[in-house]
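Please read the structure below before turning to the comments.
Remember, it's 1-based here, ligands and their atoms both numbered in the order they're listed.
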Amino acid sequence: MKQSPSNRRQFLQSTGLTLAAASLAGVRSAAQPRLPGPPEKKLGYAIVGLGSLSINQILPAFAHCRHARVTALVSGDAAKAKTLATAYGVPESGLYSYATYDRLKDNPDVDIVYIVLPNSMHLEYTVRAHQAGKHVLCEKPMANTPQDCEAMIAAAKVAGKKLMIGYRLRYEPNNMAMIDMCRKQEFGKPKVILCEAGFNIGDPKQWRLNKTLAGGGSLMDIGIYALNAARYLSGEEPIAINAFEYTTPGDPRFAPGVEETLNFQLRFPSGILANCVSSYGVGLNRFRVHAERAAFELEPALSYSDLRMRVVRGGTVEQRTLPERNQFALEMDHMAESVKNNTEPRTPGEEGLKDLRAMMAIYEAAKTGKTVTLNA
Ligand code: NAD
């Protein structure tokens, strides 16, 4: 029976539910919780590679997703996969090894494959996922070379599936606000952009310090954040690049082709200049924009949480605080919504390719000591 509003009120009053409903409404308006969507409407993700990022960030982030859930795990370590499957409610039928990976094709609960493997493996596992008829979210850097990126984009086209690169900061509220401040010219035209990303890397045996697996040194892994930020803050593509490299001689962490620190400068078509630093030797975590009437910055700028924004105007410093959100949940939800609505993801394969092309130009500029020019 359909209830009229007054009937409904009487019913709530008679059952003592008015108070509960009112207090729930109060909670909703005060905290505005983002409730997860119904399970059947969530798209299924297969997570490929159960290393540090998958275990510590991606799998826990599903609890904050509205449109995504984890339905499969791919790993070379069956025992680890089983333990994580139990913790995250992944059925036994959703467990795969690298040898059985192509059988994802027959799993209707997997819509999107998230590649979280060492950089050199992104190409192969993306192409195989597309061949299995799945959409792909691939971690940054997209691949080790622009040619590999092009092959991944082509595989997505042939399969008629979406390919997105995991640039989590493009879904993070503070970085989005910085982009908005640039585009709306809140403090006049942006003129100079400073982007720094780095950390002091440890274990010399890790894949990040192996040129074949990583594709390079700090630039491929962490400096890419500085490059990508200079591109999204300016909203332009670089037309000229200078670079200096320094790698401490004799440091056992750095083999040939695996650089420690790179300073690079980008010139954009509108005249915006960017100075960027990438390092495996020191901690760097800041994006700063100098506009005509003020400077605004994030520091930390690329951590997983607790980013801080400041606006520096004359002698005053203003802190701007935005609500904390899980970056990986936002990123995975965005991909799921792009699939559901058949829209282009904000960071498609073409975005990864642009970074790879610029990174190759940075390496060339550092090697030759000459300015490298690019088509915008
Ligand atoms: P990790 O070393 O912790 O994990 C890598 C996983 O790949 C491990 O489970 C390992 O067993 C598996 N693997 C399979 N074949 C391998 C091989 N031949 N050599 C080494 N490992 C192999 O690495 P991670 O930190 O999880 O990074 C994985 C990917 O995620 C990289 O592309 C990295 O750039 C990216 N990443 C992105 C972010 C981010 O914030 N978006 C952060 C960290 C890492």
Side-chain angles (χ1 to χ4, degrees), residues 45-61 73-85 95-101 113-126 128-129 136-145 148-149 152 164-172 174-175 197-199 201-229 258 278 280 285 300-307 325-332 334-335 345-347 349 351-352 355-356 359:
Y45 269 84
I47 305 299
V48 188
L50 300 177
S52 158
L53 186 68
S54 295
I55 293 173
N56 299 319
Q57 304 299 331
I58 294 170
L59 287 170
L73 300 175
V74 181
S75 174
D77 182 337
K80 179 164 62 173
K82 185 106 204 296
T83 304
L84 288 165
L95 295 184
Y96 299 84
S97 68
Y98 297 111
T100 62
Y101 180 67
V113 175
Y114 193 168
I115 314 289
V116 201
L117 291 165
N119 308 342
S120 65
M121 302 172 76
H122 293 180
L123 166 68
E124 177 189 339
Y125 283 85
T126 293
R128 283 169 65 185
V136 173
L137 171 55
C138 177
E139 260 310 324
K140 46 55 62 181
M142 182 171 174
N144 283 1
T145 65
D148 286 0
C149 298
M152 292 160 77
M164 172 172 146
I165 308 306
Y167 286 111
R168 61 183 165 81
L169 296 181
R170 292 293 303 278
Y171 304 91
E172 188 283 318
N174 289 279
N175 279 271
F199 65 98
I201 199 161
D203 179 10
K205 294 202 183 72
Q206 64 188 286
W207 68 261
R208 280 183 171 76
L209 295 166
N210 174 320
K211 161 94 169 146
T212 309
L213 289 168
S218 70
L219 180 62
M220 295 296 284
D221 187 55
I222 191 80
I224 188 172
Y225 286 102
L227 168 65
N228 199 249
V258 180
S278 161
Y280 267 164
N285 196 340
L302 55 131
S303 305
Y304 295 136
S305 61
D306 297 316
L307 305 193
R325 300 284 300 279
N326 184 297
Q327 300 172 23
F328 290 94
L330 293 172
E331 174 196 284
M332 291 192 288
H334 177 85
M335 176 59 167
R346 190 177 302 148
T347 53
E351 175 67 11
D355 268 351
L356 256 294
M359 289 197 283

>> Give me the residue, atom name and distance of the protein heavy atom closest to atom 32 (O) of ligand 1.
In response: N119 OD1, 2.8 Å

>> Give me the nearest non-hydrogen protein atom to atom 4 (O) of ligand 1 as residue plus atom name, then the distance to 0.1 Å.
In response: G51 CA, 3.3 Å

> To which protein heavy atom is atom 3 (O) of ligand 1 closest, and what is the distance rounded to 0.1 Å?
Replying inline: S52 N, 2.7 Å

> Would you say L213 and ligand 1 have an N/O pair spaced under 3.5 Å apart?
Replying inline: no

> Would Y125 count as a contact of ligand 1 if the rule is a heavy atom under 4.0 Å away?
Replying inline: no

> What's the shortest distance from atom 2 (O) of ligand 1 to any protein heavy atom, and which residue and atom give it?
Replying inline: W207 NE1, 2.8 Å

> Any non-hydrogen protein atom below 4.0 Å of atom 35 (C) of ligand 1?
Replying inline: yes

>> Contact between ligand 1 and Q206 is defined here as a heavy atom of the residue under 4.0 Å from a ligand atom; is it met?
In response: no

>> Regarding ligand 1, does Y98 bring an N or O atom to under 3.5 Å of one of the ligand's N or O atoms?
In response: no

>> To check your reading of the model: name the closest protein heavy atom to atom 39 (C) of ligand 1, its residue, and the distance in Å.
In response: Y225 OH, 3.0 Å

> So, do Y125 and V136 sit near enough that their side-chain heavy atoms are less than 4.5 Å apart?
Replying inline: no

> Testing L227, I165, L219 for side chain to side chain contact (heavy atoms under 4.5 Å, CB included) with D355, which one passes?
Replying inline: L227

>> Parallel, tilted or perpendicular: which one describes the rings of Y171 and H334, with boundaries at 30° and 60°?
In response: tilted

> Any idea which atoms of ligand 1 are less than 4.0 Å away from a heavy-atom of D221?
Replying inline: 34 (O)

>> Under the rule for salt bridge (Lys or Arg N to Asp or Glu O under 4.0 Å), what residues qualify as partners of K211, not counting sequence neighbours?
In response: none

> At what distance, to the nearest 0.5 angstrom, does CG of L137 lie from CE of M164?
Replying inline: 5.0 Å

>> Can you tell whether the side chains of R168 and E172 come within less than 4.0 Å, N to carboxylate O?
In response: no

> Can you tell me which residue and heavy atom of the protein come closest to atom 29 (C) of ligand 1, and the distance to 0.1 Å?
Replying inline: L117 O, 3.4 Å

> Which of the atoms in ligand 1, numbered in the order shown and given with their element, are less than 4.0 Å from a heavy-atom of Y304?
Replying inline: 40 (O), 42 (C), 43 (C)

>> Restricting to salt bridge (Lys or Arg N to Asp or Glu O under 4.0 Å), what partner residues turn up for E351, sequence neighbours left out?
In response: R170, R231

>> Regarding ligand 1, does K140 bring an N or O atom to under 3.5 Å of one of the ligand's N or O atoms?
In response: yes

> Is the closest side-chain donor-acceptor distance between E331 and Y114 under 3.5 Å?
Replying inline: yes

> So between M121, E139, M142, R208, whose heavy atom ends up nearest atom 41 (N) of ligand 1?
Replying inline: E139

> Considering only the protein, which heavy-atom contact is closest to atom 28 (C) of ligand 1, and what is its distance?
Replying inline: V116 O, 3.4 Å

>> Starting from atom 38 (C) of ligand 1, what is the nearest protein heavy atom, named by residue and atom, and what distance separates them?
In response: L53 CD2, 3.5 Å

> For ligand 1, is P118 a contact, meaning one of its heavy atoms is under 4.0 Å away?
Replying inline: yes

